[in-house]
Amino acid sequence: MDPVFGQLSFDDHEQIVFCNDKDTGLKAIIGIHNSVMGPALGGTRMWNYNTEWEALNDVLRLSRGMTFKSAITGLNIGGGKAVIIGDAKTQKTPELMRKFGEFVHSLSGRYITAEDVGMETKDMDTVRDVTPYVTGISEERGGSGNPSPVTAYGVYLGMKAAAKSQFGTDVLDGKKVLVQGIGHVGETLVDYLTKEGAQVTISDINEEKLYQVASKYNASIYTGEDLYTADVDIYAPCAMGATINDNTVDKIKAKVIAGAANNQLADENVHGARLQERGILYAPDFLINAGGIINVYAELANYGKAEIMSKTENIYNTTLEIIDFAAKNGITTHKAALTIAQNRIDQRRIENAAK
């Protein structure tokens with residue numbers, strides 16, 4: 001297999017940048033998938049990948065997802081992403097983040113970074129010290145702050161829209177919801193669900209955080225051997241991607257899948273179709289988790305909190321439209337969302353060529 005262009009996840013990406021710095025230990029990959037709609041915007045994820053191939057695969061899939069996320073949400077921005085290989089708890093330093101910022105700056109605005117897994121708002125502030133091509137910086141420095149709460153709000157509204165379509169009501173009171181992954185976004189989602197009266201069960205690899213969140217929101221902790229077989233109404237993947245795969249897709253008992261994780265379908269065609277065959281409604285991840293990109297895009301488009309919330313609340317309506325479009329055209333919800341997003345990109349490409 002060819003090292004980069006032969007990767008299964010390579011989807012005509014425009015640019016892939018490998019970043020290495022001996023002094024700080026930085027090993028990072030920046031992926032720019034598509035810039036037809038504008039500069040590529042997407043967060044930086046720091047993760048202790050098992051192999052460099054795993055990191056490359058992740059940045060390719062994530063950057064592609066950002067292209068469609070921004071397009072389906074109506075933002076004039078392209079798709080990109082970055083990954084830093086390493087343990088965010090033990091290997092992340094201000095020096096490493098500044099060096100990463102220098103690599104971002106070297107791209108002259110083709111890629112604009114933001115916060116993702118393993119990152120905090122303070123890290124974006126550090127990157128801002130060396131480049132203007134970063135969003136999600138602290139409000140004290142004129143930014144929009146942590147995007148996680150807005151991401152969670154969008155996921156919550158997308159989940160309600162999917163519930164309305166599947167169960168006939170968007171009221172989640174009494175519904176059994178399994179939230180897998182209780183990081184910044186997952187915990188806030190648990191808060192929304194608990195306040196509405198849902199029966200929330202949580203799962204996470206961090207046991208300390210698990211018990212802390214369970215106590216705080218009076219949530220149940222999943223104790224079974226295989227959470228995909230859990231007897232719940234809604235499954236909300238909010239950790240890493242590809243949890244819906246050959247090993248899990250036929251086990252899932254939930255009737256709705258709606259979560260914050262990116263790239264939840266290991267194979268979007270195979271597993272999207274299998275969920276549809278089984279009568280499980282999938283709320284496309286890149287649609288309902290777009291609150292974060294809406295939040296950080298505000299720094300580029302100069303709109304305020306009111307418009308951030310308005311655009312995020314529209315995720316509810318867009319989710320219903322996607323579900324309806326999928327049903328009318330006999331395609332999966334994931335394919336429906338991709339089609340509408342791609343149509344917008346194609347139209348912009350025609351407009352750009354005519355200029």
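Residues: numbered from 1 along the sequence shown.
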Requested in this report: Verify side-chain hydrogen bond (donor to acceptor under 3.5 Å, both in side chains) between R64 and N263, making sure each step is shown before the conclusion.
Outcome: CA-CA 10 Å; R64 175 180 181 269; N263 302 315; 5.8 Å; no
Report task. Sequence neighbours left out, what passes side chain to side chain contact (heavy atoms under 4.5 Å, CB included) with K164? Give chain and number order. Result -> D170, Y316, L320
Requested in this report: Flag the pair W47 / V83 as yes when at least one side-chain heavy-atom distance between them is below 4.5 Å, and no otherwise.
Outcome: no
Query raised in the report: Which is it for K311 and E307 under the salt bridge (charged side-chain N to carboxylate O under 4.0 Å, His left out) test, yes or no, and what are the steps along the way?
Result: CA-CA 6 Å; K311 288 180 181 293; E307 191 165 348; 3.6 Å; yes
Query raised in the report: How about Y303 and I294: do any of their side-chain heavy atoms sit closer than 4.5 Å?
Result: yes
Please list every donor-acceptor pair under 3.5 Å in which a side-chain atom of residues 230-242 meets a protein atom from a residue at least two apart or in another chain.
| residue | atom | partner | partner atom | Å |
| --- | --- | --- | --- | --- |
| D231 | OD2 | K176 | NZ | 3.4 |
| D233 | OD2 | K176 | N | 2.8 |
| Y235 | OH | Q180 | OE1 | 2.4 |
| Y235 | OH | T243 | OG1 | 2.9 |

Query - Backbone N/O of D125 and side chain of R141: donor-acceptor pair under 3.5 Å - result: yes
Query raised in the report: Would you call M37 and L75 a side-chain contact if the rule is heavy atoms closer than 4.5 Å?
Result: no
Query - N262 and its side chain to side chain donor-acceptor pair (under 3.5 Å) partner, picked from D285, N289, D58 - result: N289
Query - Residues E196 and K175 bridged, charged N to O under 4.0 Å - result: no
Query raised in the report: Atom CE of M159 and atom CD1 of I257: how far apart are they, to the nearest 0.5 Å?
Result: 11.0 Å
Query raised in the report: Does the ring centre of Y111 sit less than 6.0 Å away from the ring centre of Y133?
Result: no
Query raised in the report: Heavy atoms, side chains only, cut-off 4.5 Å: are L210 and N206 in contact?
Result: no
Under 3.5 Å, side-chain donor or acceptor atoms of residues 22-31 against the rest of the protein: list the pairs with distances, not counting sequence neighbours.
| residue | atom | partner | partner atom | Å |
| --- | --- | --- | --- | --- |
| T24 | OG1 | D21 | OD2 | 2.7 |
| T24 | OG1 | L26 | N | 3.3 |
| K27 | NZ | N20 | OD1 | 3.0 |

Requested in this report: For residues H105 and V130, determine if any side-chain heavy atom of one lies less than 4.5 Å from a side-chain heavy atom of the other.
Outcome: no
Query raised in the report: Would you call L300 and N76 a side-chain contact if the rule is heavy atoms closer than 4.5 Å?
Result: no
**Report entry** R349/D346 ion pair, N-O < 4.0 Å
**Finding:** yes
Query raised in the report: Can a salt bridge be assigned to the pair R98 and E102 using a cut-off of 4.0 Å between side-chain N and carboxylate O?
Result: no
